[in-house]
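In what follows, a single structure is set out as structure tokens and then discussed.
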Amino acid sequence: MDDAVGTLTRGTAEGGLTTGAVARLLGVAPTTLRSWDRRYGIGPASREGGRHRRWTSADIGLLECMCGLTNAGMPPAEAARAALAAAARDAPARPDEPMSRSRTPSSRTPGASPPTPGASSHAPGALPVGRARRECRGLARAAVRLDAQAMDELLDAAIDKYGLLAAWESVIMPTLHAVGRKWETVGERYVEVEHLLSWHVSSALRRAAAQRAPTAGSGVSLLACTPGESHTLALEALAAGLAQQGLPVRMFGAALPVEAMEEAVRRTGPAAVVLWAQSRSTASRALVARVESIEWGVRGARRRPAVLVAGPGWAGQLPSRALHPSGLAEALDVLAAISRR
């Protein structure tokens, strides 16, 4: 059984889910849920001990309706009125119940199926994440809503729970790919989603990287995109992974000019240089050869860096001597071995 479905089943049996559990389920910040409850009445039917919120499946159905409307661009106040009206139409209140909100288990959007947290969302603007982890679906929903706080909380929680490598491969990358697929199918509409998600992923990676100081005595890894290449997130994940192992790294980001790259290598004397190319047009065998030939150090004891090429742009045109790791895990292993020699 899917983790999310199991969570909902157990939570319902125990009297409902906590606000934190619902927030993780839907990709909404807990503070957002509390604000919706306080401002618009989009809250749980009952409270544990009269104070703590406990959300039932009906409550979550109403929240999913609210999320779908806000995902489509409706202001929260208007979305709340529409969601409550839809719930009231679907399950009319009895004479002794408040007219503003039905508390029956069938309170959900008319015609909608019961909420299944493990299923992909069909709300307007939902990203096509398929049968991904629950955290991936939550992150996708938060990205479409442009909910900055929820994205930060979900990203930090995923990295803390699974570790940076697993979070990158099973949560962050699937969500980024889903944004890319959405952008390709609907034109320019979701560029703002991609940009905001990328920014928050980058910020989360930097927070993870800052948790440990470099270990003395290890060789530095220099990371840079090839000239003309602007895609940096995969390199940022690599930089964060190295930093978490206590390995020194210098991240130069997008489109580093050749002359600047040569100067950086001579000034830092790296054990390894990683050149990232997303597309074939930015992958240059001549650049690899040029970097491989750079020397530094005193005469008679000069050194050269090991060069790694990374990214899909190198497929089919790998330089003969350069190393080509197949993914983030292998790149981390190779660079760790080189740095610790």
Side-chain angles (χ1 to χ4, degrees), residues 132-133 135-136 138-140 142-143 148-177 179-180 194-226 229-256 261 264 268 270-278 305-312 323-340:
R133 285 187 186 271
E135 291 89 352
C136 178
L139 182 58
Q149 182 175 351
M151 281 189 282
D152 281 342
E153 292 177 358
L154 290 163
L155 287 163
D156 289 346
I159 293 172
D160 183 62
K161 179 178 180 180
Y162 298 114
L164 188 142
L165 178 59
W168 173 259
E169 294 179 343
S170 63
V171 178
I172 298 173
M173 282 298 294
T175 309
L176 290 169
H177 288 158
V179 171
E194 181 179 30
H195 280 230
L196 190 65
L197 176 60
S198 297
W199 170 260
H200 283 275
V201 168
S202 178
S203 299
L205 292 171
R206 294 187 189 190
R207 288 194 296 272
Q211 295 173 359
R212 181 174 176 182
T215 302
S218 298
V220 67
S221 294
L222 187 156
L223 315 183
C225 290
T226 55
E229 182 57 68
S230 60
H231 294 81
T232 64
L233 279 182
L235 269 190
E236 292 180 54
L238 179 57
L242 290 169
Q244 283 198 330
Q245 295 185 42
L247 299 173
V249 60
R250 300 291 182 272
M251 170 62 175
F252 288 89
L256 187 65
M261 189 176 300
T268 60
V273 175
V274 181
L275 302 175
W276 176 271
Q278 183 74 18
V307 178
L308 285 73
V309 294
L323 302 171
H324 184 236
S326 60
L328 179 59
E330 184 179 347
L332 287 170
D333 289 343
V334 171
L335 289 171
I338 294 174
S339 296
R340 291 168 175 153

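Position 1 is the first residue of the sequence; numbering continues from there. Quantities reported herein were computed from a predicted structural model and do not represent experimental measurements.
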Subject >> Residues in side chain to side chain contact (heavy atoms under 4.5 Å, CB included) contact with L165, at least two apart in sequence or another chain >> reply: E169, L328, A329

**OP:** State, to 0.1 Å, how close G253 and T232 come at their nearest heavy-atom pair, and which atoms those are.
**Re:** C-CG2, 4.0 Å

Original post:
In Å and rounded to the nearest 0.5 Å, what is the CD1 to NE2 distance from I172 to H200?
Top reply: 13.0 Å

**OP:** Have a look at S221 and tell me which of T268, V334, L242 forms a side chain to side chain contact (heavy atoms under 4.5 Å, CB included) with it.
**Re:** L242

**OP:** Search all heavy atoms of S339 against all heavy atoms of A271 and return the closest pair with its distance.
**Re:** CA-CB, 4.5 Å

**OP:** Specify the closest pair of heavy atoms between L176 and S198, including all atoms of both residues, with the distance to one decimal.
**Re:** CD2-OG, 4.2 Å

Original post:
What distance do M251 atom CE and L205 atom CG have between them, rounded to the nearest 0.5 Å?
Top reply: 9.5 Å

Original post:
Does any non-hydrogen side-chain atom of W276 lie less than 4.5 Å from one of L256?
Top reply: no

Original post:
Can you pull the salt bridge (Lys or Arg N to Asp or Glu O under 4.0 Å) pairs that have at least one residue in residues 196-210, sequence neighbours excluded?
Top reply: D152-R207, D156-R207

Original post:
Can you check whether L155 reaches V171 side chain to side chain, under 4.5 Å on heavy atoms?
Top reply: no

Original post:
Taking the side chain as C-beta and beyond, is there a heavy-atom pair between V201 and W168 under 4.5 Å?
Top reply: yes

Original post:
If you look at every heavy atom in A167 and Y162, which pair is closest and at what distance?
Top reply: N-CB, 4.0 Å

Original post:
Would a 4.5 Å heavy-atom cut-off, applied to side chains only, mark L238 and L335 as touching?
Top reply: yes

Original post:
Can you name the closest pair of heavy atoms from A224 and M261 and give their distance?
Top reply: CB-CE, 4.2 Å

Original post:
Mind checking whether E135 and L154 have side chains closer than 4.5 Å, heavy atoms only?
Top reply: no

Original post:
How many angstroms lie between CG in L139 and OG1 in T175, if you round to the nearest 0.5 Å?
Top reply: 4.0 Å

Original post:
Tell me, do L308 and I338 make a side-chain contact under 4.5 Å, heavy atoms counted?
Top reply: yes

Original post:
Is the closest side-chain heavy-atom distance between L275 and E229 below 4.5 Å?
Top reply: no

Original post:
Taking C-beta and beyond as the side chain, do R340 and L247 meet within less than 4.5 Å on heavy atoms?
Top reply: yes

Original post:
Which atom names give the shortest non-hydrogen contact between H231 and C225, and what distance separates them?
Top reply: O-SG, 3.2 Å

